[in-house]
Amino acid sequence: MFALVDCNNFYVSCERVFDPRIIGRPVVVLSNNDGCVIARSNEAKTIGIRMGVPLFKTADVIKAHGVAVYSSNYALYGDMSSRVIEVLAHFTPDIEIYSIDEAFLDLSGFNQCSLTDYGRSIRSTVRRWTGIPVSIGIAPTKTLAKIANRIAKRSRESGGVLNLTNPTHRKTELASIAVNDIWGVGRSYSRFLRSIGIENALQLSNAPESFIKKKMGITGVRIIQELKGVCCYPLEQSPPQKKEITVSRSFKHPLTNRADLNEAVAEYASRVAEKLRAAQLEATILVIFLMTNPYGRESRYFNIKTIRLALATSNTAELIAHAHRGLDEIYRQGYRYKKAGVIARDLFSERSRQMTLFARNRREQSSEIMEAFDRINRQFGRNSVRYAATGSTADQKWKTSFQWRSPSYTTDWNQLPEVS
DNA sequence: TCTGGGGTCCTAGGACCC
DNA sequence: TCTGGGGTCCTAGGACCC
C-alpha cells in the first residue's frame, strides 16, 4: 500500500511561508533567467496563466491582475524540501524521495482501516511544522496513488487526503481521470489512446494488453497492470547510482564571443566536477554541446562533441581542459549562441578507479587539491575558491539572471528573515 | 526583445562475434 | 539461382517524468 505525498504548488508555497502577504493572491515562480512560468498558485491558474508559458507572453495578464512574480530560489526550495521529508520520516522509515516536492511512503504494515486518518495526521503535521500544504493519495500501486493524489488536490471535500483502497469506489474515480492525467501517459500516448477510443483511466485499465504493448511497449502494459491494482513499481528507498550528470544553461543574451563561451563552459565543467565528487564518482566520457536560439528566425546551429577520457576523473582542472578541447571542435564563428552544456557519462565509483602504471602520484596529489577545494567552499560558501578559467565575476556576461529572487532565508546567516 | 534544467527507460537497428 | 543461426553490445531517438 502506497501513499503519495505531494506539496501543493511547491515553489509558490515556499515563498508564501516567508512572505504571508502573498497568501490569497495570484503568484508565479519563474525559471532561470526569469524565462518561463514554472510554478503557479491556484489563483494564478484560475486567471489562465499556463504552465511553462514564457514570461513575455503572459506579461499583460500578470500586470492586469497584480500577480506576484518570483525568480526561482533553489537554495530555499531544496532546504524546505528536506524539512518536509524530515517530517515524513516521523511517520514511517519507508520513504522514497521521488522529486523535490513528492515522496512515496510504503504503508503496507499499517492498520489498513485507519489509513485515511493517518494520512490526515501526516498532512496536518507537515503543515504545522514546515508551513507547506500537501495533498496525499493512498492506493495499492504508485500509479493509483498518483491518481488519488490528483483527485485529493482538486476536490474540496477530500480535505487533501484521498484513499482509493476500495475497488468499487476506485472504479467511479478512475472513470473521471482523463488518459493524459495518468502517470506515464504523455502527449504522444494520449493522442494514440484517444484515437482508439480510450478516453479515461477506467477504459485503459480494461484495454487489451497485447494490443497496447505494440504501441506503448512494456511501459504501456505496466500502466494497465498498475491501474488494475497490480504493483509493478516497488518503493525504491536508496536511489540507484547516477548514470549521467549534466550542467547546462541558457544565456539571457546570446554570446558571440569565444572567450565568453570558454568561461561559461569552464563554469559548467567545474560544477559537473563538484557534483561528481559529491557523489564520489568519476567520469570516463565528457560531452560538450552548444546551440543557438531554437526559436525565431535567425540562423541555427547545434553541435555536440563526445570525448572519451583515458582515465576516469572528477578533477576540475582536467575536466575544464577537456571541455575547452571539445569546444574547439564544435565552435563556429558567426553564430549567436544561446545555450551550452557539459555532460559527464560512464560514471564509476572513485574507489574502483582503474590505475595506470605512471599516473599514480600525480593523481593522488590532484585529489588532495580537490578535497581542499571542496572543503573551503563548504565552509566559506560556494565559489569562495574557483578556477580562473570561469572568468572575473565583474564581467561574466553569461551569468544566469534572477531579477526577483527572494532571500535564502534558511540557508544563509546573512539573509535570515526579520520579524518586527 | 523576451522561451528552464536535469534526468530515466525503452526500442530498433547496426556492428560485430562465433 | 541457390547463401545459417544465435547472440551481445552500442547508439540514437522517442517518450516520459519533475
Side-chain angles (χ1 to χ4, degrees), chain A residues 4-11 28-39 49-60 62 69-74 77-78 81 96-104 142-143 146 149-150 179-193 212-223 232-233 236 239-254 268 271-272 275 279 285 287 289 291-298 300 302 304 306 308 336 338-347 398 400-403 405:
Chain A
L4 173 64
V5 181
D6 188 319
C7 302
N8 300 347
N9 314 327
F10 182 53
Y11 297 169
V28 298
V29 176
L30 305 175
S31 64
N32 280 353
N33 292 318
D34 300 325
C36 299
V37 171
I38 55 168
I49 299 177
R50 293 195 330 279
M51 183 63 174
V53 67
L55 180 62
F56 71 90
K57 285 193 182 170
T58 189
D60 298 350
I62 283 178
V69 176
Y70 287 83
S71 306
S72 41
N73 182 346
Y74 287 100
Y77 310 150
S81 174
E96 174 184 341
I97 303 170
Y98 180 66
S99 74
I100 195 168
D101 69 336
E102 279 172 74
F104 287 103
K142 285 181 170 179
T143 305
K146 274 275 195 183
N149 190 290
R150 172 172 282 275
V179 280
N180 54 296
D181 288 333
I182 301 168
W183 193 40
V185 178
R187 256 223 315 269
S188 163
Y189 289 159
S190 40
R191 200 178 320 127
F192 159 68
L193 290 170
I212 295 297
K213 185 169 183 188
K214 281 191 197 113
K215 279 282 181 183
M216 297 171 61
I218 191 68
T219 351
V221 177
R222 288 189 188 135
I223 292 171
C232 301
Y233 300 105
E236 305 209 12
Q241 207 210 275
K242 276 215 184 310
K243 299 190 168 154
E244 58 178 53
I245 289 175
T246 305
V247 175
S248 73
R249 294 284 181 279
S250 299
F251 313 124
K252 180 93 187 175
H253 304 290
Y268 306 156
R271 289 272 169 253
V272 165
K275 286 182 174 187
I285 291 182
V287 179
F289 69 87
M291 60 195 284
T292 53
N293 194 340
Y295 312 98
R297 254 172 260 96
E298 49 179 290
R300 291 180 193 174
F302 169 86
I304 183 164
T306 301
R308 269 166 218 280
R336 290 156 48 81
K338 190 65 177 139
K339 182 174 181 174
V342 173
I343 308 169
R345 289 207 180 120
D346 279 38
L347 312 181
W398 43 273
T400 315
S401 74
F402 302 92
Q403 211 182 317
R405 180 139 76 180

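Since we're looking at a predicted model, the values are computed, not measured.
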Check: Are there more than 12 heavy atoms of other residues, nucleotides or ligands under 6.0 Å from atom CZ of A/Arg300?
Finding: yes
Next item on the list: Indicate, with a heavy-atom threshold strictly under 4.0 Å, whether A/Arg345 touches base, sugar-phosphate, or nothing.
Entry: nothing
Next item on the list: Send over the distance from A/His253 NE2 to B/dC2 P, rounded to a whole Å.
Entry: 9 Å
Next item on the list: Pick base, sugar-phosphate or nothing for A/Ile218, based on heavy-atom distances below 4.0 Å to the nucleic acid.
Entry: sugar-phosphate
Check: Between B/dG4, B/dG6, B/dT3, which nucleotide has the shortest distance from any of its atoms to the side chain of A/Lys275?
Finding: B/dG6
Notebook entry, point to check: Checking A/Thr58 side chain against A/Ile49 main chain: does a donor-acceptor pair fall under 3.5 Å?
Noted result: no
Next item on the list: Nearest whole angstrom, please: distance from the P of B/dC2 to the CD1 of A/Ile62.
Entry: 18 Å
Item checked: A/Val287 side chain near A/Arg345 side chain, heavy-atom distance below 4.5 Å -> yes
Check: On DNA chain B, nearest-nucleotide positions of A/Lys242 versus A/Asn293: which is more 5'?
Finding: A/Asn293
Next item on the list: For A/Ser190 and A/Val179, work out which heavy atoms get closest and say how close.
Entry: CB-CG2, 3.9 Å
Check: Is atom CZ of A/Arg271 surrounded by more than 12 heavy atoms (other residues, nucleotides or ligands) closer than 6.0 Å?
Finding: yes
Notebook entry, point to check: Would you call the rings of A/Tyr233 and A/Trp183 parallel, tilted or perpendicular, where under 30° means parallel and over 60° means perpendicular?
Noted result: perpendicular
Note to self: For A/Ser71 and A/Asp34, which I'm curious about, is there any donor-acceptor pair between the side chains at under 3.5 Å?
What the structure shows: yes
Next item on the list: Report the distance from atom CZ of A/Phe289 to atom C1' of B/dG4, rounded to the nearest whole Å.
Entry: 12 Å
Notebook entry, point to check: Quick one: A/Tyr74 OH to B/dG7 P, roughly how many Å, whole number?
Noted result: 13 Å
Next item on the list: Take the protein atom CD1 of A/Ile38 and the nucleotide atom P of B/dT3, then report the distance between them rounded to whole Å.
Entry: 15 Å
Notebook entry, point to check: What string of B, S and - do you get for nucleotides 9-18 of chain C 5' to 3' if you count protein non-hydrogen atoms under 4.0 Å?
Noted result: --S---SSSS
Item checked: Length of the NZ-C1' vector between A/Lys339 and B/dT3, whole Å -> 11 Å
Check: Going through the distances and angles, do A/Glu102 and A/Lys146 end up as a side chain to side chain contact (heavy atoms under 4.5 Å, CB included)?
Finding: CA-CA 10 Å; A/Glu102 279 172 74; A/Lys146 274 275 195 183; 2.5 Å; yes
Check: Within the pair A/Tyr295 and B/dG4, is there a side-chain N or O less than 4.0 Å away from OP1 or OP2?
Finding: yes
Item checked: Side-chain heavy atoms of A/Arg308 within contact of A/Ile285, under 4.5 Å -> yes
Note to self: Does this structure show an ion pair linking A/Lys142 with A/Glu236, if we count only N-O contacts that are shorter than 4.0 Å?
What the structure shows: no
Note to self: Within the structure provided, determine whether A/Val69 and A/Val29 are in side-chain contact (heavy-atom separation under 4.5 Å).
What the structure shows: no
Notebook entry, point to check: B/dT3 P sits how many Å from A/Ile49 CD1, rounded?
Noted result: 18 Å
Check: For the pair made of CZ in A/Phe56 and P in B/dC2, what is the distance, rounded to whole Å?
Finding: 8 Å
Next item on the list: Check DNA chain B against residues 243-250 of chain A and give the residues with a non-hydrogen atom under 4.0 Å, in numerical order.
Entry: A/Lys243, A/Glu244, A/Ile245, A/Thr246, A/Val247, A/Ser248, A/Arg249, A/Ser250
Next item on the list: Report yes if the side chains of A/Tyr70 and A/Leu30 come closer than 4.5 Å at any heavy-atom pair, otherwise no.
Entry: no
Margin query: Under 3.5 Å for both pairing distances: what stems, at least three Watson-Crick or G-U pairs long, include DNA chain C?
Written below: B:5-18 with C:5-18
